[in-house]
Structure formats: structure tokens, C-alpha cells
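Here the structure comes first, spelled out in C-alpha cells, and everything after it is commentary.
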There are 2 protein chains.
Amino acid sequence: MKVSREQVAENRQKILDAASRLFRAEGFDAVTVVDVMKAAGLTHGGFYGYFKSKDDLIAQTLTYLTAQGARADTDLARYAASYLSPAHRDDVAGGCPIAALGAETVRQTPEARAALAEGLRNRIEGFAASAPLTEAAIVRRAAIGSYAAMVGAVILARLAQDPTLADEVLEQTHAWILEGTKR
Amino acid sequence: MKVSREQVAENRQKILDAASRLFRAEGFDAVTVVDVMKAAGLTHGGFYGYFKSKDDLIAQTLTYLTAQGARADTDLARYAASYLSPAHRDDVAGGCPIAALGAETVRQTPEARAALAEGLRNRIEGFAASAPLTEAAIVRRAAIGSYAAMVGAVILARLAQDPTLADEVLEQTHAWILEGTKR
DNA sequence: TGTACATCAGTGAACGCGCGTTCACTGATGTAC
DNA sequence: TGTACATCAGTGAACGCGCGTTCACTGATGTAC
């Protein structure tokens, strides 16, 4: 049955929210259109009223996640502290989309890649812009180096099955970044 | 038809080599058993004479890749130079399995995870062991922080569609690591 | 404001397809004599 | 060393299943009068 215009907007939101969590938790291929619609409280047939295809959903979900991420803290030290926390490591479904999906997004459509790539660019520029006044080249180097270390560390910490090693990767990378940005 | 024992060993090698490249290039889900066997020059029916299942192939391929990786250079500076090269960034199929598959391996079987996790542990210990004589804690921090930055940088560089940004991520991370390990 | 009807969001059965896996068969290998 | 035969690696058709996608239908919405 037809639903109101507000309901349509709300349902679109619900589909994107469900897809955001499911894709990060299980990857693009393992999540089906049926899974996403069920998680959004709808049946699968209605999906194509909202999105052209599953690939379209992937691209729009990454755009949605990037837009959300653009509102994050741009202070590098504070960002690193929360990024390199055990809470973030353990929350794949709600965590950084680049750490969860960056590697496999390289094989998705150009639209999907473009969405995440914009998130990457925003993050680096945000860090560089909010840094204390130093030489621009040094600030940019710290922004890129630190961000690469954060993304890598979360991936490594999630991979390590030994909890001691997983914690150590986060802590040591955090300390390493703090030392590096004080140079 | 039956083939010789040497041929069997050679075919197993070919299957693992084909799987190693295909999985890194396209991900676990996108590569089919038919793809792997075709790339190895065989038909798909014979697959189950070599492996119990596709999951078994995934786990054994990661073990195979980790064993190969164990023979790599343990000098951090030399390793970083080649890891952070455009050649490595552009060679997903032949490159570091952790950068290509680390994030999605978290969702695979415990056997698959264990194989890559061992590669991670070996790498960190190799870097730490081959470092010049300094305080052990500092060496370990540099090993972990640098490795996290390398893995993250290659993933970010592959994601960035803008070639200038992709090159910059590699170069800046490389410089950042060199500065950090000279402390 | 109230009524009549066109619109269209959501439903669920159905589709074609490609996947992982199985299996009867083939014929070269390698062993027993 | 040569021969006879059991073994078994590889083949390709076939399977059941779940995927992305389509579509006829339903009934609440929202517009026209």
C-alpha cells in the first residue's frame, strides 16, 4: 500500500542506515538486498523504488557515510584517541568505513570509489587545517602519516586474534603518532 | 585421467598460485572455484581432490602467502621503501595480502584469520629483531607504528582516484616513517 | 469541508543465473607378478 | 624387463540453492471538484 511522503523519506533513511551497518560488518558481497530491506523493516520488492540497483545502494551508502564523517572532530590528537580505542576496534558495524571497507571499495564501481575517496581527502584536509600554526608541508605530512597509521592500526588490531597484540597495536600506534606530531 | 605424483604436486602449487593472485585482486567472494581452477589450467571438478571446500582453499592460500612473506626482508627502512612504492600500490594481485585482504579476512573462518594474524606477528617481530640496538620498547613501538602506517598508506593510496594524492600518501607516509625511526 | 478517484509505495511470488558441490565416468599411472 | 590390472587425478554434466531483479497486485494517500 502507498505510504505518506514523510514515511518515504524515513524509509529511505532506514534503508541507508541498515546498509551502512551491514556493509561495514559483513562486506558488500555478503550482504544481500533482502538482508538490508529486512533490517530496515521492509520487504525486498520495494527496494527498486529507492535504488536503481545494489551497486547504486553501495555508492549511495558510501556517500551517506562520508557525509556523516565530514561532521567529525578535526583535531588530530582527539580524533586519534577515539579512533585508536578498543571501542572503535570492536565496533566494525559503526566504525570508520575506510578501515572496514576501504580495501574492497577499490574493486567497486567508480561512483563507490569516488565517495570514499572524498572522505579520505576531507579527513586529511581537516586535520591539516586545524593543526597549530607550523610550516604547511610539515602539518600535511603529519596529517597523512598519522591517518595512514590509524587506518592501518585498526585493521591490524581487528585481524590479530590475540587480544594482547590487538591492544598493543592500538596503544603503540597511538603513542607513535603522538610522538610524531610533537616533532 | 590419472596424472603422475609430481604433476599432482605441481597442480596443487598452480591452484594456490592462481588463488593467491585472484583473491588479492578481486576479494574472496568475487573469485569462484571455477575461476581459480581455470586460471590453474584445470577444470572445476577436480578441485575437491585438493581442497575440502572453498573456505579450506581460502585458509590454505593465506597460509601459503604468509609462508612466502616470512622470507621477506626484515630491515624496516628497506621494507618500507619497497612497500610504499607506486609499484607495490599498483600491484594488488602480487602485493601484501594484509593490505589487500586484511579487512575482509576478519569475517572469514578462524583458520583463515589465524593464517594472516601469524603473518602480522612475524612481520612485527622481524622488524623489531633486526633493528639497531636500542631500548626494546622503543624498537617495538617503531616496528608497530611504522607497519600500521605502511598498511594504511597502501590502502589509502589505492583508494584515492587522484594520482597526485595517491603518490603523496605514499611519499609523505614514507618520509613520516623515516623521521619517526630516527628518533 | 466532504467525496470520488487517480496515484503510487509496498508486497510477495516468480524469473534467470551463477554459485559451491557432487558424481559417474575416463584413461594414464604405477604396482604386482 | 614386460605385461595385466587396480588405482585414482581429472573431466564435465548435473544438483540444489540463494542471489539480484521484475512484475501484477493491493490499498492508503493525496488531489480535483
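Chain naming here is simple, since letters A, B, ... match the order of the sequence lines and numbering starts at 1 in each. Bear in mind that the values here come from a model prediction, so they are computed numbers and not experimental data.
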[X] side chain to [Y] backbone, donor-acceptor under 3.5 Å:
X       : Y       : result
R140(A) : Q172(B) : no
H88(A)  : C96(A)  : yes
T61(B)  : A19(B)  : no

Which salt bridge (Lys or Arg N to Asp or Glu O under 4.0 Å) pairs, counting each pair once, include a residue from residues 84-99 of chain A, with sequence neighbours left out? R89(A)-D167(A)
Let me spell it out: for each of M1(B) and R5(A), pick the nucleotide of DNA chain D with the closest heavy atom. Which residue's pick is nearer the 5' end? M1(B)
Rounded to the nearest 0.5 angstrom, the CG-CG distance for L42(A) and N11(A) is 5.0 Å
How long is the straight-line distance from CD of Q108(A) back to CG of L116(A), given to the nearest 0.5 Å? 10.0 Å
Check K52(B) with E111(B), please: is the shortest side-chain N to carboxylate O separation under 4.0 Å? no
Tell me, please, which residues at least two apart from D56(A) pass side-chain hydrogen bond (donor to acceptor under 3.5 Å, both in side chains). Q60(A)
With E26(A), which residues qualify under side-chain hydrogen bond (donor to acceptor under 3.5 Å, both in side chains), at least two apart? none
For DNA chain D, which residues in residues 15-36 of chain B have a heavy atom at a distance below 4.0 Å? none
Are V36(A) and V8(A) linked, directly or through intermediate hydrophobic residues, by side-chain heavy-atom contacts shorter than 4.5 Å (ILVMFWY only)? yes
If you look at every strand shown and take non-hydrogen atoms under 4.0 Å, does Y50(A) touch a base, only sugar-phosphate, or nothing? sugar-phosphate
Heavy atoms only, 4.0 Å cut-off, all strands: where does G45(A) land among base, sugar-phosphate and nothing? base
Could you tell me from which nucleotide to which nucleotide of DNA chain C, 5' to 3', there is an atom under 4.0 Å from chain B heavy atoms? dC19(C) to dT31(C)
Note on DNA chain D: ranges paired as stems (three or more Watson-Crick/G-U pairs in a row, both atom distances under 3.5 Å) are C:2-33 with D:2-33
Find which nucleotide of DNA chain C each of V3(B) and S53(B) is nearest to by heavy atoms, and output the residue with the more 5' nucleotide. S53(B)
